[in-house]
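Each remark here refers to the structure printed beneath this line.
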Amino acid sequence: MSFDVAFLFIQQGVASGLVTGSVYALLAIAIVIIYRTTDVANFAGGEFYMAAAYLAFFLIAMMALPFWAAVVATIVVMCIGAGLFQRVVLAQVAQARGVSINLVIATLGLSYLVKGIVRSTGFGDTPRTFPSIVPDGSITIGQASVSYLDVVILGAAIVVMALFFWMFNFTRMGRAMRAVGMNRRGAQLVGINLGRVEMSVWCFASAISGIAAILIAPKLLMTAEMGSVVIMAFAAAIVGGFTSLPGAVIGGFIIGITENLVGLFISSRAINVAPFVIIMLVLIFKPQGLFGGAVKVRKV
């Protein structure tokens with residue numbers, strides 16, 4: 001392979017990896033905010049992503065709603081569904097012994113339930129193509145070719161991440177979420193409603209997952225198994241640090257770029273292996289993740 005070809009592959013891999021990584025970053029943020037605030041590893045995150053894509057597809061293709069109305073409706077429905085799951089299921093499960101494992105099992109149960117519902121409707125039986133409102137075409141950055149859709153995906157993902165970080169750091173709800181994540185008992189003593197904060201966290205996470213799904217769905221064939229992408233989101237969260245929101249973003253971009261470079265330089269068959277190699281290296285040399293910080297014992 002000549003230097004010119006290798007340099008072209010690097011540019012194309014980085015450009016495409018930023019697009020893919022932005023979606024991984026959104027999904028990783030959704031996982032991290034739930035874990036950071038409630039200590040629950042949400043294994044239903046992939047099914048939130050999948051359900052949002054199918055719901056938006058149904059509203060656009062079957063109900064003939066305008067794209068923007070379908071997006072708003074999808075986000076609202078996802079928020080309501082996730083909020084009800086937290087309030088009706090998780091809040092009750094949390095009162096039982098073995099809280100951590102019971103909560104994880106509850107999220108696993110939700111993932112199978114959502115997948116089963118999609119399959120039972122008939123939508124998940126056949127791969128489907130999500131409609132795109134972005135015109136065909138591409139732009140060239142350096143020697144890399146990037147489609148208009150890729151530009152929209154990356155730009156929209158960055159805007160969503162920026163808005164979330166602003167909310168998390170500068171609003172009353174964001175401060176409450178951070179307080180609950182640091183010390184639940186202390187947050188409760190100063191008047192923070194734990195139930196409301198936890199329900200809000202699940203709503204935000206489902207909304208972010210839904211946005212990620214709507215952004216990337218036009219580039220994929222939709223199936224009931226598309227939620228398996230959550231594995232890459234967990235990989236991004238582990239690489240960046242499972243309690244670090246900036247780490248989740250950086251981890252998402254690392255995983256996305258690595259996938260694309262491996263696919264170009266080695267083989268497309270090695271793409272799914274690359275993230276786990278990165279995880280192993282990170283866990284060996286920095287078990288807390290790149291931005292996870294030192295281990296802290298939380299008093300409750």
Side-chain angles (χ1 to χ4, degrees), residues 16 19-28 30-31 42-82 85 107-138 146-157 160 205-234 252 255-256 259-260 263 268-269 271-272:
S16 299
V19 177
T20 307
S22 66
V23 175
Y24 292 162
L26 288 175
L27 293 174
I31 290 171
N42 177 25
F43 286 95
E47 277 57 50
F48 285 161
Y49 165 91
M50 179 267 292
Y54 271 100
L55 178 57
F57 173 81
F58 173 78
L59 294 175
I60 295 171
M62 304 299 176
M63 301 298 292
L65 284 184
F67 184 85
W68 67 268
V71 170
V72 172
T74 298
I75 293 173
V76 170
V77 171
M78 296 303 300
C79 286
I80 293 174
F85 173 72
T107 66
L108 283 170
L110 177 63
S111 71
Y112 283 105
L113 175 63
V114 173
K115 191 180 295 183
I117 291 173
V118 170
R119 284 175 173 166
S120 66
T121 61
F123 278 96
D125 294 339
T126 305
R128 299 179 183 274
T129 303
F130 194 91
S132 175
I133 62 170
V134 180
D136 295 333
S138 63
V146 182
S147 70
Y148 293 151
L149 179 59
D150 288 340
V151 174
V152 171
I153 291 171
L154 180 58
V160 171
S206 65
I208 292 172
S209 297
I211 292 171
I214 294 170
L215 288 175
I216 198 66
K219 290 177 66 71
L220 307 173
L221 279 178
M222 294 169 51
T223 70
E225 304 299 326
M226 64 186 292
S228 61
V229 72
V230 74
I231 296 174
M232 299 305 174
F234 271 102
I255 297 296
E259 272 189 347
N260 281 271
S268 59
R269 297 179 180 179
I271 288 177
N272 291 331

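Bear in mind the structure is a predicted one, so any value in this text is a computation, not a measurement.
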Test of understanding: with side-chain hydrogen bond (donor to acceptor under 3.5 Å, both in side chains), list the residues that count as partners of [X], not counting sequence neighbours.
{"X": "Y24", "result": "E259"}
{"X": "S16", "result": "Q12"}
{"X": "S147", "result": "D150"}

(request) May I have all residue pairs that pass salt bridge (charged side-chain N to carboxylate O under 4.0 Å, His left out) and include part of residues 57-73, sequence neighbours excluded? (result) none
(request) Just grab all the salt bridge (charged side-chain N to carboxylate O under 4.0 Å, His left out) pairs involving residues 48-59, residues at least two apart or on different chains. (result) none
Side chains of [X] and [Y], heavy atoms from C-beta outward: is any pair under 4.5 Å?
{"X": "V230", "Y": "F43", "answer": "no"}
{"X": "F48", "Y": "S206", "answer": "yes"}
{"X": "I214", "Y": "F67", "answer": "yes"}

(message) Parallel, tilted or perpendicular, judged at 30° and 60°: which one describes the rings of F57 and F130?
(response)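 Tilted: the ring planes of F57 and F130 meet at 30° to 60°.
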(request) To the nearest 0.5 Å, tell me how far I255 CD1 sits from F234 CZ. (result) 13.5 Å
(request) Return yes when atom CE of M62 has more than 12 non-hydrogen atoms of other residues, nucleotides or ligands closer than 6.0 Å, and no otherwise. (result)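 Buried by this count: over 12 neighbours within 6.0 Å.
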(request) Please report the shortest heavy-atom distance between P218 and L149, naming the atom on each side. (result) CB-CD2, 3.8 Å
(request) Quick one: list whatever passes salt bridge (Lys or Arg N to Asp or Glu O under 4.0 Å) with E47, sequence neighbours left out. (result) K115
